[in-house]
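In what follows, a single structure is set out as structure tokens and then discussed.
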Amino acid sequence: MIFLGTTFCSGRHTLSPAPCPLAEITAIQLFDGTYNHLLLSSDTSLTADHFDVEWTSATKLNASFDKNLEAGNVGFSTKTTDTLAIKRRAAGTYDWITIYTKEIKNSEDFNISFRDTYARAGTEYEYSMSSFCAGTENGYIIRNVYSDFEGFYVTDRDCLYGTIYDLDGCNTSRNLAAQTLELLNSKYMAVVSNSGLNCDSGSISGTFLKLDQAASPDLPGSLEYRKEFKNRLANKKPLILKIDDGRIWMIKVTSNPTDTVGEHRDIRQISFEWTEIGDVNDMRALYLNGFSNVDSNWWRSRA
């Protein structure tokens, strides 16, 4: 029998809930009472005397109700985090590449919105968000995301242009550095390769239309859309080109972009030639070509 919170044996923690290590707790409700602390932890050795403990990896909720009802660990995470890093790898592979970092100075810095436009088509990726303190990783979460799209896209840190109309297939050539020599004592030519050159170049074209919210062509808006796209192609900066068959390159445009009319005067096809300039999975190349904020401190030791 319980009377005024105690039993006749005067148990100090008569109403303290017993640890339930096998229970799956999905929700907690507090009502019809006065409460001064809520602690939820996976550490079953804790008792009511441990309400004032610091956050640990076992802590799930810790609300003191002294100033607000916040039961999260933002305050603890701010003290133990100086950088957040987002890493990516293709599922089934081992090597991570860090694609985004942000310094954490206060709780507002945890509000992060990041869009990865450099993922190839038809690929399942693992994304990891890691917390670092003084160069040491102290926690992370991993989620799987399947990347897929139609058509081809040209992108960098500030733009994303693409089309699904009238694609030409993107023909490519593999560039090699080789020179042939005629030998006086041989009927065969000698081929000399003194360079490690081994990259692609090609050409691509498609009809570029701006779509409205109903995914219908916006012909008046397409004029400005094509103008912006051509300006981006002509600004001499590196771009990433990716196609729905899984091919992807880090490129520079090497020809004058052309804008030719199709079957209707508002149906315009844009074409350009390009050359591969780096590896889209190389953190150094991504940083030096302006695609990433991940500097040399992350290229090796914390990749």
Side-chain angles (χ1 to χ4, degrees), residues 74 77-78 80-162 199-200 229 232-233 235-253 274-303:
V74 174
S77 296
T78 303
T80 59
T81 302
D82 54 38
T83 307
L84 279 181
I86 298 177
K87 298 185 285 186
R88 183 192 68 199
R89 68 183 178 187
T93 63
Y94 296 97
D95 294 331
W96 293 97
I97 66 169
T98 304
I99 57 177
Y100 177 82
T101 61
K102 183 178 181 180
E103 292 186 3
I104 303 299
K105 298 180 179 179
N106 53 58
S107 59
E108 286 74 20
D109 291 334
F110 285 105
N111 294 323
I112 296 176
S113 177
F114 174 76
R115 182 176 62 168
D116 179 18
T117 59
Y118 309 151
R120 71 172 68 241
T123 304
E124 183 176 358
Y125 286 103
E126 291 180 328
Y127 285 87
S128 167
M129 175 173 282
S130 302
S131 167
F132 284 85
C133 184
T136 301
E137 187 175 32
N138 54 30
Y140 63 89
I141 56 174
I142 297 177
R143 295 291 184 270
N144 283 46
V145 177
Y146 186 75
S147 170
D148 206 12
F149 55 85
E150 296 182 357
F152 80 82
Y153 286 86
V154 173
T155 182
D156 60 18
R157 291 181 69 178
D158 304 315
C159 79
L160 179 67
Y161 294 93
C199 65
D200 286 338
F229 179 47
R232 181 65 63 171
L233 294 176
N235 70 1
K236 303 179 181 63
K237 293 183 179 180
L239 297 165
I240 286 179
L241 168 65
K242 59 182 188 176
I243 307 177
D244 55 13
D245 60 9
R247 291 179 292 169
I248 186 171
W249 302 272
M250 184 185 299
I251 68 166
K252 269 194 172 183
V253 176
W274 55 268
T275 296
E276 186 179 16
I277 62 169
D279 183 354
V280 295
N281 292 314
D282 183 348
M283 288 190 288
R284 182 177 184 273
L286 288 170
Y287 177 78
L288 295 179
N289 287 287
F291 295 108
S292 168
N293 73 334
V294 181
D295 60 26
S296 58
N297 293 323
W298 296 82
W299 298 346
R300 298 179 182 87
S301 61
R302 294 182 289 188

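Among residues two or more places apart in sequence or in another chain, the salt bridge (charged side-chain N to carboxylate O under 4.0 Å, His left out) test is passed with Asp200 by Arg174. Among residues two or more places apart in sequence or in another chain, the side-chain hydrogen bond (donor to acceptor under 3.5 Å, both in side chains) test is passed with Asp116 by Arg88, Tyr127. Evaluation of the side-chain hydrogen bond (donor to acceptor under 3.5 Å, both in side chains) rule for Asp156 yields Arg232 as partners, not counting sequence neighbours. The side chain to side chain contact (heavy atoms under 4.5 Å, CB included) search around Val280 returns Ile240, Ile248, Met250, not counting sequence neighbours. Tyr125 is linked by a ring-ring contact (aromatic ring centres under 6.0 Å, His included) to nothing, counting only residues two or more places apart in sequence or in another chain. Remark: Thr275 engages no residue in a side-chain hydrogen bond (donor to acceptor under 3.5 Å, both in side chains) (not counting sequence neighbours). Residues passing the salt bridge (charged side-chain N to carboxylate O under 4.0 Å, His left out) test with Arg157: none are found, sequence neighbours excluded. Residues passing the ring-ring contact (aromatic ring centres under 6.0 Å, His included) test with Tyr140, sequence neighbours excluded: none.
Tyr118 places none of its side-chain heavy atoms less than 4.5 Å from the side chain of Ile97. Two residues are said to be in side-chain contact when any heavy atoms from C-beta on lie closer than 4.5 Å; Ile104 and Phe132 fail this criterion. With contacts defined as side-chain heavy-atom distances shorter than 4.5 Å, the pair Val294/Tyr287 does not qualify. Two residues are said to be in side-chain contact when any heavy atoms from C-beta on lie closer than 4.5 Å; Ser128 and Ile86 fail this criterion. The closest side-chain heavy-atom distance from Phe114 to Ile99 is below 4.5 Å.
A donor-acceptor pair under 3.5 Å links the side-chain atoms of Thr123 to the main chain of Ala121, judged by distance alone. Counting only distance, with no hydrogens or angles, the side chain of Arg89 and the backbone of Tyr94 share a donor-acceptor pair below 3.5 Å.
Sorted by first and then second residue, the pairs that involve residues 236-245 and meet salt bridge (charged side-chain N to carboxylate O under 4.0 Å, His left out), not counting sequence neighbours, are Asp245-Arg247.
Between the CD atom of Glu103 and the OG1 atom of Thr81 there is a distance of 12.5 Å, given to the nearest 0.5 Å. Separating the CE atom in Met283 from the CH2 atom in Trp96 is a distance of 12.5 Å, to the nearest 0.5 Å. For the atom pair CG (Leu239) and NZ (Lys252), the distance works out to 9.5 Å, reported to the nearest 0.5 Å.
The minimum heavy-atom distance between Ile277 and Pro238, with the atom names listed, is CD1-CB, 3.7 Å. Leu84 approaches Ser131 most closely through the heavy-atom pair CD2-CA, 3.9 Å.
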- CA sep, side-chain torsions, deciding dist, call: Lys87, Ser130, side-chain contact (heavy atoms from CB on, under 4.5 Å): CA-CA 8 Å; Lys87 298 185 285 186; Ser130 302; 3.5 Å; yes
- Query: Yes or no on side-chain contact (heavy atoms from CB on, under 4.5 Å) for Tyr100 and Ile112, after CA distance, side-chain angles and deciding distance?
  - Reply: CA-CA 10 Å; Tyr100 177 82; Ile112 296 176; 3.9 Å; yes
Side-chain donor-acceptor distances from residues 141-155 under 3.5 Å, at least two apart:
from, atom 1, to, atom 2, distance (Å)
Asn144, ND2, Glu124, OE2, 2.9
Ser147, OG, Arg120, O, 2.8
Asp148, OD1, Gly122, N, 3.4
Thr155, OG1, Thr117, OG1, 3.0
Thr155, OG1, Cys159, O, 2.8

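A donor atom on one side chain and an acceptor atom on the other are not found under 3.5 Å apart for Thr101 and Thr83.
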